[in-house]
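A quick write-up on the structure given underneath.
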Amino acid sequence: MTDDEWGARLAGDRALLDRGSTAERVADILRERITEGVFRPGTRLSEESLREALGISRNTLREAFRLLAHEGLIEHQLNRGVFVRLLTSADIRDLYAIRRILECGALRNLDAVPPPVVAGLKTAIEAADEAAARADWSAVGTANMRFHQAIADLSGSRRVADAVRALLAELRLVFLVVADPRQLHEPYVAGNRALYDLLAAGDVRGAEEALQRYFDDAEKQLLAAYAAVNA
């Protein structure tokens with residue numbers, strides 16, 4: 001996406017900001033645009049262009065950059081500027097290691113899944129099915145993120161939920177550079193539905209075991225796809 005194209009896109013985001021806007025709100029906007037592919041991994045983020053597009057101060061933008069750097073979405077390169085991070089295979093392995101701890105842990109101590117959560121999981125499954133039917137694989141990926149965020153929310157911990165949200169945003173950076181989004185996302189549709197069926201039936205232990213296998217398979221698949229792109 002060219003500077004003019006993303007500048008016009010961000011100019012439309014001004015309505016989301018007001019005079020009392022904080023760096024957190026600016027970070028929210030940039031995070032969303034990064035994870036939907038407006039700014040792809042490796043892209044340099046021009047301070048001047050971003051400030052002009054969003055109508056914000058230098059200090060506000062730099063504080064937003066600091067927040068996004070802490071989340072692992074961007075990085076400062078000496079004498080070059082700020083860039084959207086390009087993750088490595090080691091990053092992918094680390095992300096999945098932490099996801100196993102947090103998401104499987106969210107299921108480990110449950111006796112049952114609350115009905116509202118079951119409904120939320122079903123909504124994410126249906127959204128993925130609808131997106132796959134129209135071959136919108138980016139939307140399938142988004143539905144996948146919502147499904148796994150709902151699993152993390154079962155922990156009842158705001159810190160766990162926030163940590164998983166940040167991990168999933170980082171993972172989207174990998175999704176954005178994989179050549180075949182269908183090959184990447186399509187297996188998750190069936191995998192998430194199998195997890196949903198177990199949770200809806202109240203088989204929490206079975207769901208935890210299935211999620212462990214799911215992560216093993218997903219990590220291998222993603223590493224292979226990522227290696228092919230970076231070969």
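Note that the structure is a prediction, hence the values are computed from the model and not measured.
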* Residue pair Ala225 / Val178: nearest heavy atoms and the distance that separates them -> CB-CG1, 3.9 Å
* **His148 and Leu211, any side-chain heavy atoms less than 4.5 Å apart** => yes
* **Heavy-atom side-chain proximity of Ile74 to Ile34 below 4.5 angstrom** => yes
* Tell me whether the guanidinium CZ or amine NZ of Arg62 lies under 6.0 angstrom from the six-membered ring centre of Phe65 and within 45° of its axis. => no
* Evaluate whether atom NE2 of His70 has more than 12 neighbouring non-hydrogen atoms of other residues, nucleotides or ligands under 6.0 angstrom away. => no
* Asked: What heavy-atom pair brings Ala132 and Val140 nearest, and what distance separates the two atoms?
  -> N-CG2, 3.5 Å
* Asked: Under 4.5 Å between side-chain heavy atoms, hopping through other hydrophobics if needed: is there a path connecting Met145 to Val189?
  -> no
* Looking only at heavy atoms, which two atoms of Trp137 and His185 are closest? And how far apart? -> O-CD2, 3.1 Å
* Asked: Does atom CD of Gln77 have more than 12 heavy-atom neighbours, drawn from other residues, nucleotides or ligands, at distances under 6.0 Å?
  -> yes
* Structure fact -> Tightest non-hydrogen contact, residues Ile151 and Leu121, listed as CG1-CD2, 4.2 Å
* According to the interplanar angle, ranging from 0 to 90°, do the rings of Phe175 and Tyr188 count as parallel (below 30°), tilted (30 to 60°) or perpendicular (above 60°)? -> tilted
* **Worked verdict on Leu171 versus Leu222 for side-chain contact (heavy atoms from CB on, under 4.5 Å)** => CA-CA 10 Å; Leu171 202 57; Leu222 189 54; 3.8 Å; yes
* Is Asp28 salt-bridged to Arg31, going by a charged N under 4.0 Å from an acidic O? -> yes
* Between Thr22 and Glu24, a side-chain donor and acceptor under 3.5 Å -> yes
* Going through the checks in order, is the side-chain contact (heavy atoms from CB on, under 4.5 Å) test met by Val177 and Leu86? -> CA-CA 9 Å; Val177 301; Leu86 186 62; 4.1 Å; yes
* Where Leu195 and Ala207 come nearest, the two heavy atoms and their spacing -> CD2-O, 3.5 Å
* Given Val84 and Leu176, is the side-chain contact (heavy atoms from CB on, under 4.5 Å) satisfied, shown in steps? -> CA-CA 11 Å; Val84 179; Leu176 292 171; over 6 Å; no
* To do: Show your working on side-chain contact (heavy atoms from CB on, under 4.5 Å) between Leu168 and Thr35 and close with a plain yes or no.
  => CA-CA 9 Å; Leu168 293 175; Thr35 56; over 6 Å; no
* To do: Tell me whether Leu61 is reachable from Phe83 by hopping between hydrophobic residues (I, L, V, M, F, W, Y) whose side-chain heavy atoms are closer than 4.5 Å.
  => no
* Would the number of heavy atoms belonging to other residues, nucleotides or ligands and lying under 6.0 Å from CZ of Arg159 be above 12? -> no
* To do: Go through Arg213 and Asp216 one step at a time and tell me if the salt bridge (charged side-chain N to carboxylate O under 4.0 Å, His left out) criterion holds.
  => CA-CA 5 Å; Arg213 294 191 298 271; Asp216 291 345; over 6 Å; no
* Asked: Taking all atoms of both residues into account, what is the closest heavy-atom pair of Ala152 and Ala106, and its distance?
  -> O-CB, 4.1 Å
* Asked: Are there more than 12 heavy atoms of other residues, nucleotides or ligands under 6.0 Å from atom CZ of Arg146?
  -> no
* To do: For salt bridge (charged side-chain N to carboxylate O under 4.0 Å, His left out), just list the numbers for Arg165 and Asp162, CA-CA rounded to whole Å, side-chain angles, deciding distance to a tenth of an Å, and then say yes or no.
  => CA-CA 5 Å; Arg165 186 172 294 107; Asp162 288 347; 2.9 Å; yes
* Going by atom types alone, do Arg172 and Thr142 pair a side-chain donor with an acceptor below 3.5 Å? -> yes
